[in-house]
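Worksheet for the structure shown next.
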Amino acid sequence: MPRKPTINLQVPADFDLRRDVCSYGYFLLAPNYWDPHSGTLWRVFSLSSGPLLAHIAQPKGAGEKLRVTLSGTLAAKVRTQFIQQIARMLRLDESTQQVRAFHRLDPRFKKAGRARLFRSPTLFEDIIKTVTSCNVQWPGTISMNKRLCEVVGNRISVTLLGTKAPTAHAFPTPQQLAKVRPATLRARCRVGYRDQRLVELARLFLRSPTRGGIDQVAMEDPATTDDALFKTLVALPGIGPYAAANIMQLLGRYARVPLDTESVRHGKSILGYTGTSAQVMKQVHMHFEQFKEQAFRSYWFEMWQHYESKHGPAWTWERDTTGRLFTAAHLK
DNA sequence: GGTAGACCTGGACGC
DNA sequence: GCGTCCAGGTCTACC
């Protein structure tokens, strides 16, 4: 069997693949496939050269290099693009100092080392995934992402590490999604009324910022204020206050907490708040204000800890069983 | 500025 | 197996 290309990737000293991949629900969404038995991640990446299957492991444990096995060789330029995508997804670009800053404000998570939140290799995928998580229960989000990959994304069928890969489709690119008819998305991907909005978002990614397109550089620029970014995000189709706040945390801005029905359940069951949903939401908001620019991480890891207390460590969750049930809606 | 209702799907439930 | 109800965030119309 021909040997597949491998990249050994240096990570920050605190990085733990099992803990840091399984830190946010997106690790359960296609095209990601977390294998709880081996503690490794499979994923098809969309690169300028086409789809590429990767298997990511950390064989020597936390803090040690990642071993990334690929389905094909990469030219130097594409290799750089690939490493940028992995770094974004795993938040390897977040420094140990930034992790310490979080633990200074909220020491509860210092011992476990929780700080990094898994996200997507691209902002485009993060935004589309956020829209598929709105106004739907978690199994619906899982289903929409799976179908989007299968119906619209590139397919790659290869054997890697002597086994058939558990994932064979890439996430759709903006170019691919922009060309799909909304009716096709609705009928085959079951995205419902989100059909037109998803296509419009993809088109906005293709359009230049000077012609009203999405200005990704400005969104990722630390000089852009939180308020300006929020205003830009809520102006996008399908993005309201909840989705905008969630996209902001995915961009590394943790001051705003995306409050939803899950937050209300958390406020009632864990924080002991009472009253109407609006009253509980207000109390949850005030509770997390104490964590200032780290509010979202405190909020999220508090909820995550609760999920794990019910279902065991997230890295043991199977996508098609526990992974479908982990939200508070199923913990009642 | 605040509120009500439609949007759409999948799951739960009753028959 | 079928019909009904409900959860979920965004958007629009209306007050």
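Proteins get letters first, then strands, A, B, ... in listed order; numbering begins at 1 in each.
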In this structure, which one of A:Leu29, A:Thr141, A:Ile128 forms a side chain to side chain contact (heavy atoms under 4.5 Å, CB included) with A:Ser133?
A:Thr141
Can you tell me how far [atom2] of [N] sits from [atom1] of [X], to the nearest Å?
X	N	atom1	atom2	value
A:Met144	B:dG11	CE	P	11 Å
A:Ile127	C:dT10	CD1	C1'	16 Å
A:Asn145	B:dT9	CG	P	16 Å
A:Leu198	C:dG9	CG	P	17 Å
A:Ile142	B:dT9	CD1	P	18 Å
A:Asp195	B:dT9	CG	C1'	12 Å
A:Gln137	C:dG9	CD	C1'	13 Å
A:Arg188	B:dC8	CZ	C1'	19 Å

If only side-chain N and O atoms count, and only distance matters, is there a donor-acceptor pair under 3.5 Å linking A:Asp260 with A:Ser263?
yes
Which nucleotide in the set [options] lies at the smallest distance from any side-chain heavy atom of [X]?
X	options	value
A:Asp260	C:dT10, C:dG8, C:dG9	C:dG9
A:Asn135	C:dG8, B:dG10, B:dC7	C:dG8
A:Arg147	C:dA7, B:dC8, B:dG10	B:dG10
A:Cys134	C:dA7, B:dC8, C:dT10	C:dT10

Aromatic ring pairing A:Trp304/A:Tyr307, orientation class (parallel under 30°, perpendicular over 60°, tilted between):
perpendicular
Would you call the rings of A:Phe301 and A:Phe109 parallel, tilted or perpendicular, where under 30° means parallel and over 60° means perpendicular?
tilted
Distance check: side-chain N/O of [X] vs OP1/OP2 of [N], anything under 4.0 Å?
X	N	answer
A:Arg186	B:dC8	yes
A:Arg194	B:dC7	no
A:Thr261	C:dG9	yes

Strand contacts (DNA chain C) in residues 229-241 of chain A, 4.0 angstrom heavy-atom criterion
A:Leu236, A:Pro237, A:Gly238, A:Ile239, A:Gly240, A:Pro241
Would you check if the distance from the ring center of A:Phe118 to the ring center of A:Phe27 is below 6.0 Å?
no
Assess whether atom CZ of A:Arg108 is packed by more than 12 heavy atoms of other residues, nucleotides or ligands within 6.0 Å.
yes
I'd like to know whether A:Glu302 forms a side chain to side chain contact (heavy atoms under 4.5 Å, CB included) with A:His287, so could you lay out the CA-CA distance, the side-chain angles of the two residues, the decisive distance to 0.1 Å, and finally the verdict.
CA-CA 12 Å; A:Glu302 199 175 288; A:His287 171 73; 3.8 Å; yes
Reading DNA chain B from 5' onward, which residue's closest nucleotide shows up sooner: A:Arg197 or A:Gly140?
A:Arg197
